[in-house]
Number of protein chains: 2
Amino acid sequence: MDQTHDADLRIAHSPTKLRELAVDRLRQAIISGRFAGGSRLVERTLCDQLGVSRSVVREAIRYLEAEGLVETQGRSGPVVATLDWPRARQIYDIRRLLEAAAAAACATRADEGTKKRLRAALDALKLSFENGQPDRLLGATTHFYQVIFDAAGHDIAWEIVQRLNGRISRLRAITLATSDRSVSGHAHMQRICAAICAHDPEAAAAAVNDHLRDAAEIARISLEGQP
Amino acid sequence: MDQTHDADLRIAHSPTKLRELAVDRLRQAIISGRFAGGSRLVERTLCDQLGVSRSVVREAIRYLEAEGLVETQGRSGPVVATLDWPRARQIYDIRRLLEAAAAAACATRADEGTKKRLRAALDALKLSFENGQPDRLLGATTHFYQVIFDAAGHDIAWEIVQRLNGRISRLRAITLATSDRSVSGHAHMQRICAAICAHDPEAAAAAVNDHLRDAAEIARISLEGQP
DNA sequence: TGCTGTATGATGGTATACCAACATACAGAC
DNA sequence: GTCTGTATGTTGGTATACCATCATACAGCA
């Protein structure tokens, strides 16, 4: 029996569970700002909104708690996590370390396929800058960095970065779209792409560092309300 | 009414929930190897073992899934996560980035209190090396690094490192206790402590890098079975 | 009016019920 | 012995029940 043909028939993905749908829906609602930072997530209300039982809601909340998007204060129920500048700064710092390392690794090992995907992601990113929809901008940026992390083989770091990005999602939308920057977000990513395609890990890491430092400064102004 | 006295009466911590106890107990059982990598975690069996209902067990499993200690494969129930060398290497690499950054920040800002705590942690560590119990060794090492992260103000990085350490806990016990190292684990930490107390961030980061590189190599040999 | 006590409703924590799906054992036929 | 069909048991996913605790409203009293 030819093993190749067996593989074709394999059912690789199980049906999506209600729980998974609920987690995704809730995560999106938090990230999009529909549930603002500090707001209560009342289980029975969420049951009505999501159309599922409390079991599903509770399990979803446990996931999101572990991701840091939801906090459970001692004696009252779950609350959407809030974000102050000191914590945001930590998140930007960690991202800088992990993203710079991934860009450097990607620059070392990028093949033609990777470069092609990266340039395509950069084109899509340029379109979404022109388009002006923040969600598409976020999605395009995420995809750009995902290409880098995939090529670098940094799966676990990507998980961590995705989680951290979830926690600062509101900020990210603002910082990406901000036009009063000395160097645009798109220009930063062009530099990252160029350094990777030139197989220059140090330039790639430096470009990521610059990008994240800029973004962090805009975030700081946004959160602290003063330049 | 004196506000100071009000603060004394405040009930700061809510009673521990069954759910929290179950998470801790399960986490410890996984970390200690009682539930080996790859083994099934059957909900009803865990209910009997923990003496709680399925709700509590399920919610605990959701947390541990989000932490990466438990994996849920498509069509069968939760399994204790396994660890191969490529993933372990990623974890060591990420730890190196985060721990080196924390040590450098700690070296920059360490006050006398911090230095004192660090030296005390190092003394306790030396005792546990002599003592020979792996769990105490792990605990002492964790405490040493916690002092560093606290002083550095890197709370979020510490959360991430703790989680990553949970995933490689078996490996950590082995690498810490290994005696056929060119530089002992304790000696590495002495160097880290000395660099921090000398306010030398670069030396602190370099010492952490050396420590983690050594540990990663021992882990690789342990997982791949060849020097 | 302010304070206290009581009733009611809302909410989270936990236990249990129900069902579908899957795994395994067993009987019967060839 | 091998294969098929059926029965039974196990397990996960989801819904619901129960209870304790807390918050709020309201009534009564000084």
Side-chain angles (χ1 to χ4, degrees), chain A residues 1 6 9-27 29-30 35-36 38-82, chain B residues 1 6 9-27 29-30 35-36 38-82:
Chain A
M1 187 65 177
D6 274 356
L9 293 177
R10 186 170 183 83
I11 297 172
H13 297 289
S14 66
T16 305
K17 299 175 181 64
L18 274 186
R19 180 174 81 219
E20 290 168 346
L21 294 174
V23 173
D24 288 344
R25 195 63 58 88
L26 276 186
R27 187 189 286 122
I30 290 170
F35 296 137
S39 60
R40 284 278 282 108
L41 297 174
V42 178
E43 292 175 5
R44 286 169 169 114
T45 305
L46 293 178
C47 292
D48 294 339
Q49 290 173 329
L50 292 169
V52 294
S53 72
R54 273 184 69 206
S55 305
V56 177
V57 167
R58 294 178 66 79
E59 291 186 28
I61 286 173
R62 297 293 88 83
Y63 275 121
L64 297 177
E65 264 186 290
E67 286 184 23
L69 291 182
V70 171
E71 292 169 337
T72 304
Q73 290 152 357
R75 276 178 301 273
S76 67
V79 173
V80 175
T82 54
Chain B
M1 188 65 175
D6 273 354
L9 292 179
R10 186 168 183 82
I11 298 172
H13 299 289
S14 65
T16 305
K17 299 175 181 63
L18 274 186
R19 179 172 83 220
E20 291 169 345
L21 293 174
V23 172
D24 287 344
R25 196 61 60 86
L26 275 186
R27 187 190 285 123
I30 290 170
F35 296 138
S39 61
R40 285 275 283 107
L41 297 174
V42 179
E43 292 176 8
R44 285 168 169 115
T45 306
L46 293 178
C47 292
D48 294 339
Q49 291 173 329
L50 292 169
V52 294
S53 72
R54 274 184 69 207
S55 305
V56 177
V57 167
R58 294 180 66 79
E59 291 185 29
I61 286 174
R62 296 294 86 82
Y63 276 120
L64 298 176
E65 265 186 288
E67 286 184 23
L69 291 181
V70 171
E71 291 169 338
T72 303
Q73 291 152 354
R75 276 178 303 272
S76 68
V79 173
V80 176
T82 54

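A note on names: the letters A, B, ... follow the listed sequences, proteins ahead of strands, and every chain is numbered from 1.
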How many Å lie between [atom1] on [X] and [atom2] on [N], as a whole number?
| X | N | atom1 | atom2 | result |
| --- | --- | --- | --- | --- |
| A:Ile61 | C:dT14 | CD1 | C1' | 15 Å |
| A:Arg58 | D:dT16 | CZ | C1' | 13 Å |
| A:Glu59 | C:dG12 | CD | P | 16 Å |
| A:Lys17 | C:dC19 | NZ | C1' | 16 Å |
| B:Arg19 | C:dG13 | CZ | C1' | 7 Å |

Open item on the list: Could you tell me if the side chain of B:Pro78 sits less than 4.5 Å from the side chain of B:Arg40, heavy atoms only?
Closed with: yes
TODO: Evaluate the criterion side-chain contact (heavy atoms from CB on, under 4.5 Å) for residue pair B:Leu64 and B:Leu26; output intermediate values, then yes/no.
DONE: CA-CA 8 Å; B:Leu64 298 176; B:Leu26 275 186; 3.5 Å; yes
Task: Heavy atoms from other residues, nucleotides or ligands near CZ of A:Arg25 exceed 12 (cutoff 6.0 Å) - done: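 No - once you tally the heavy atoms of other residues, nucleotides and ligands closer than 6.0 Å, there are 12 at most.
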Open item on the list: Is it the case that atom CZ in A:Arg54 sees more than 12 heavy atoms from other parts of the structure closer than 6.0 Å?
Closed with: yes
Task: Salt bridge present between A:Glu59 and A:Arg62 (N-O < 4.0 angstrom) - done: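 The answer is no: the pair does not qualify as a salt bridge.
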- [ ] Please list residues of residues 39-55 of chain B whose heavy atoms come under 4.0 Å from any atom in DNA chain C, ordered by number; otherwise none.
- [x]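 Per residue number, the list reads B:Arg44, B:Val52, B:Ser53, B:Arg54, B:Ser55.
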Open item on the list: Within this structure, what is the CZ-CD distance for the pair A:Arg58 and A:Glu65, rounded to the nearest 0.5 Å?
Closed with: 9.5 Å
